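Scroll down for the structure; my scribbles are underneath it.
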Amino acid sequence: MSLQTPARTVPTGGGTPASDDGTTPRGGITGVTTRSRILVTGLLVAAAGYFLLPVYWLAVASTKSTGDLFGSFGLWFSHPQFLSNLHEVVTYDDAIYLRWAANSLLYAGVGAAVATLLAAMSGYALAKFSFTGRDTIFNIVLGGVLIPATALALPMYLLFSKAGLANTYWAVLLPSFVSPFGVYLCRIYAAASIPDELLEAARIDGAGEVRIFTVVALRIMTPALVTIFLFQFVGIWNNYFLPLVMLSDSKLYPITLGLTSWQSFADRQPQLYQLTVGGAFVSVVPLMIAMVALQRFWRSGLTEGSVKG
Amino acid sequence: MATRAPRRRRNLAPFAFVAPFLLLFLLAFALPIGYAVYQSVMDVEYTGALGLGGSHTVFVALRNYSDALSDHAFLRSVGRVLLFAAVQVPVMVALSAGLALLLDSASARGVRFFRAAFFLPYGVPGVIASILWGFLYVPGVSPLVDGMRHLGVSVDLLGGDTVLWSIANIVTWEFAGYNILVLVAQLRTVPAELYEAARIDGASAWATVRYVKLPLLRPALILTTVFTIIGTLQLFAEPLVLKPVSSSIDSAYTPNLSAYNEAFTNDNYHLAAAEAVLLALTAFVLSFGFLRLINKRGGDA
């Protein structure tokens, strides 16, 4: 499987294309008229406007003073003061914002890395070994994909508080280590891409199972692993319910929880409106850049999950 | 003997690989479910006058469930998310499929840009998306509401009849890009020869979409539909964030909000557990039912 399929602009057939403009891009079958091109482009532009408008609003709003946030036209600049807003965001309350950002990075980074490794190990084992209980395990994991995470968070909180784990880093990290969907993807990917002969050959050469996994399997599964890591990272970063339920100490908050705590105090302290908006902008921009830059990696694994159906 | 030792190690290897995940899966999935079920059939009872004789936990069988199911606010919240799902799931899937097909169509230019633009909101956490759209819904702050008022259209995006659909808009905005990416990826796996064959057969663009592309999209459409159903029933952050600006959202607006409120405001963990179990069951039955329905139909075709 390729990471990215380049758009094909070369005519696929050997004959002369009879279409109006002479090109037959991928997916194109009939002649492309100017009218249909204008229609398609128009619809795509309208959709892009819809998806980008709130982001644009956020960018503009993050440059405004609290007064202008409410008193000026939302879609245009008014007395831009982005740097002083930024300074305010990162220094407010002993730089708690930076701490939230670091917490988010810790939760999402460590959580996603461990989840990916565990998913790779079990997906590989479920795909490449036959052992009793294999199908049972796989079906239970599949059931896990269908259970809404928020239904689990409450009882998990009760269990964790009994074990003294609530309101600690572990309360958010431990559940983040588990990705049933990751196991599902890894199993399908490993089954399709790791040849049994390769494993047999390695065994005959005297390699141990752990070595075969780390040297052979992990390398072949890398595209799937990148996808799972990204999924899990964004999932943890965006998660709100679990940290909300688990954490009471604001020093442990991830950025999502921190920003809503600012927002909830804003009617008493109007300055916090601007901090919420500015903080949201600062937190969202790096992720958006990463999102766009890493898009091709996402796509590589996305369809694996849907082959079964 | 020499050959037996490695063989035995090989038999243990798969278990060693699966064990760490399974252990954590039990901790984070099986145990909480079991505990929620246990909590949901228990309750705290107080003895003595005014309950001063102390409290103890007793088995109450399905009483918490019957309490939950006879609580009008909770029932309304369930009805609300089901109505939400009935509208949101088809709209989301249709919009995503439509935009994916447009991106894949022969007439599309700037595909990279559009794909990136559509996918961008997926990186915005749900609470932040809700904070954002919240500003865009409040009259006086929102350029949209003010702009519409200038055109003579006055809508209250946070009113009782509309706020559910304002939330639907936030959810669509967040996740459509992800679904589009899944569907576009699936379309890319279609071999070019198939389109060639359709072209030679004289199929129109619409016929190709209907008879070639949509059937090929089926597995990806099923996947996105199931995920949308599960996601929809979990509605929590969006109504919670909009609550301060909309008087139509109460503390039992969605089942999740209701369970959260029972647990952390009313200290009624047992009722909250029953509500959480009901929510998980509903999600499971709907997703599973949808998969069964689709597979049965697929088998006949």
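No experiment lies behind these values; they were computed from the predicted model shown.
- Taking Pro180(A), Ala280(A), Pro175(A) one by one and counting their heavy-atom pairs under 4.5 Å with chain B, the maximum is reached by Pro180(A).
- Residue Phe25(B) touches chain A through both its backbone and its side chain, counting heavy-atom pairs closer than 4.5 Å.
- Taking the six-membered ring for Trp and thresholds of 30 and 60 degrees, Tyr124(A) and Phe17(B) have ring planes more than 60 degrees apart, a perpendicular arrangement.
- Note that CH2 of Trp57(A) is 6.0 Å distant from CG of Leu136(B), once rounded to the nearest 0.5 Å.
- In this structure, chain B has no heavy atom under 4.5 Å from any part of Ser264(A).
- The most heavy-atom pairs under 4.5 Å with chain B, out of Leu44(A), Leu174(A), Leu244(A), Val40(A), come from Leu44(A).
- Between chain B and the options Leu69(A), Val183(A), Leu39(A), heavy-atom pairs under 4.5 Å are most frequent for Val183(A).
- The distance between the ring centers of Tyr122(B) and Phe51(A) does not fall below 6.0 angstrom.
- Of the residues considered (Phe284(B), Phe288(B), Phe113(B)), Phe284(B) shows the highest number of contacts with chain A, using heavy-atom pairs under 4.5 Å.
- Ring centroid separation for the pair Phe181(A) and Phe227(B) comes in under the 6.0 Å cut-off.
- Ranking Asn239(A), Thr41(A), Leu259(A), Val45(A) against chain B, the residue ahead of the rest is Val45(A), based on heavy-atom pairs under 4.5 Å.
- Shown here is Tyr38(B), whose OH atom has no more than 12 heavy atoms of other residues, nucleotides or ligands within 6.0 Å.
- In this structure, chain B has heavy atoms under 4.5 Å from both the backbone and the side chain of Phe70(A).
- Looking at Asn169(B), the atoms closer than 4.5 Å to chain A (heavy atoms on both sides) sit in the backbone and in the side chain alike.
- In this structure, Leu23(B) CG and Leu118(A) CG are separated by 10.0 Å, a value rounded to the nearest 0.5 Å.
- Proximity of Leu58(A) to Val124(B): side-chain heavy atoms (C-beta onward) are nowhere separated by under 4.5 Å.
- Between Glu209(A) and Ala13(B), the shortest heavy-atom contact is CG-CB, 3.6 Å.
- Counting heavy-atom pairs closer than 4.5 Å to chain A, the top-ranked of the candidates Ala129(B), Ala116(B), Pro244(B) is Ala116(B).
- Counting only heavy atoms from C-beta outward, the side chains of Val141(A) and Phe29(B) never approach each other to under 4.5 Å.
- Within the 4.5 angstrom heavy-atom criterion, only side-chain atoms of Ile128(B), from C-beta onward, approach chain A.
- One finds the CG atom of Leu158(A) at 8.5 Å from the NE2 atom of His270(B) (value rounded to the nearest 0.5 Å).
- For Leu101(B), no part lies under 4.5 angstrom from a heavy atom of chain A.
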Tyr260(B) and Phe241(A): CA distance, side-chain angles, deciding distance, side-chain contact (heavy atoms from CB on, under 4.5 Å) verdict
CA-CA 9 Å; Tyr260(B) 176 79; Phe241(A) 196 74; 4.2 Å; yes
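- For Phe236(B), the part lying under 4.5 angstrom from a heavy atom of chain A is the side chain only.
- Most heavy-atom pairs under 4.5 Å with chain B: of the set Ile255(A), Leu152(A), Thr256(A), this distinction falls to Leu152(A).
- Counting heavy atoms from C-beta outward, Ser122(A) and Leu22(B) have side chains that stay 4.5 Å or more apart.
- Pairing each heavy atom of Pro54(A) with each of Leu132(B), the nearest pair is O-CD2, 3.8 Å.
- Separation of the Phe264(B) and Tyr157(A) ring centroids falls under the 6.0 Å cut-off.
- Gly123(B) and Leu287(A) make their closest contact through O-CD2, 3.2 Å (heavy atoms, listed as atom of the first residue, atom of the second, distance).
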Check the pair Ile230(B) / Ile147(A) against side-chain contact (heavy atoms from CB on, under 4.5 Å), numbers first and verdict last.
CA-CA 8 Å; Ile230(B) 299 170; Ile147(A) 293 175; over 6 Å; no
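- For Ala48(A) against Phe118(B), the heavy-atom pair with the smallest separation is N-CE2, 3.5 Å.
- Within the 4.5 angstrom heavy-atom criterion, atoms from both the backbone and the side chain of Val245(A) approach chain B.
- Of all non-hydrogen atoms in Pro155(A) and Pro32(B), the two that sit nearest each other are CB-O, 3.2 Å.
- Neither the backbone nor the side chain of Leu281(B) comes within contact range of chain A, judged by heavy atoms closer than 4.5 Å.
- To the nearest 0.5 angstrom, Phe15(B) atom CZ is 6.5 Å from Ile137(A) atom CD1.
- Among Val212(B), Ile33(B), Ile131(B), the residue making the largest number of heavy-atom pairs under 4.5 Å with chain A is Ile131(B).
- Only the side chain of Gln39(B) comes within contact range of chain A, with heavy atoms under 4.5 Å apart.
- Side-chain atoms of Gln263(A) and Val241(B), non-hydrogen and from C-beta on, do get closer than 4.5 Å to each other.
- With a threshold of 4.5 angstrom between heavy atoms, Ala30(B) does not approach chain A through any atom at all.
- Inter-residue side-chain proximity for Leu117(A) and Pro20(B) is flagged as unmet; no heavy-atom pair is nearer than 4.5 Å.
- Inter-residue side-chain proximity for Tyr269(B) and Leu154(A) is flagged as unmet; no heavy-atom pair is nearer than 4.5 Å.
- Expressed to the nearest 0.5 Å, how far OH of Tyr50(A) lies from CG of Leu95(B) amounts to 7.5 Å.
- Using a 4.5 Å cut-off between heavy atoms, Leu31(B) touches chain A through backbone and side chain atoms alike.
- Using a 4.5 Å cut-off between heavy atoms, Thr276(A) contacts chain B through its side chain alone, with no backbone atom that close.
- With a threshold of 4.5 angstrom between heavy atoms, Trp173(B) approaches chain A through its backbone and through its side chain.
- Neither the backbone nor the side chain of Ala273(B) has a heavy atom closer than 4.5 Å to any heavy atom of chain A.
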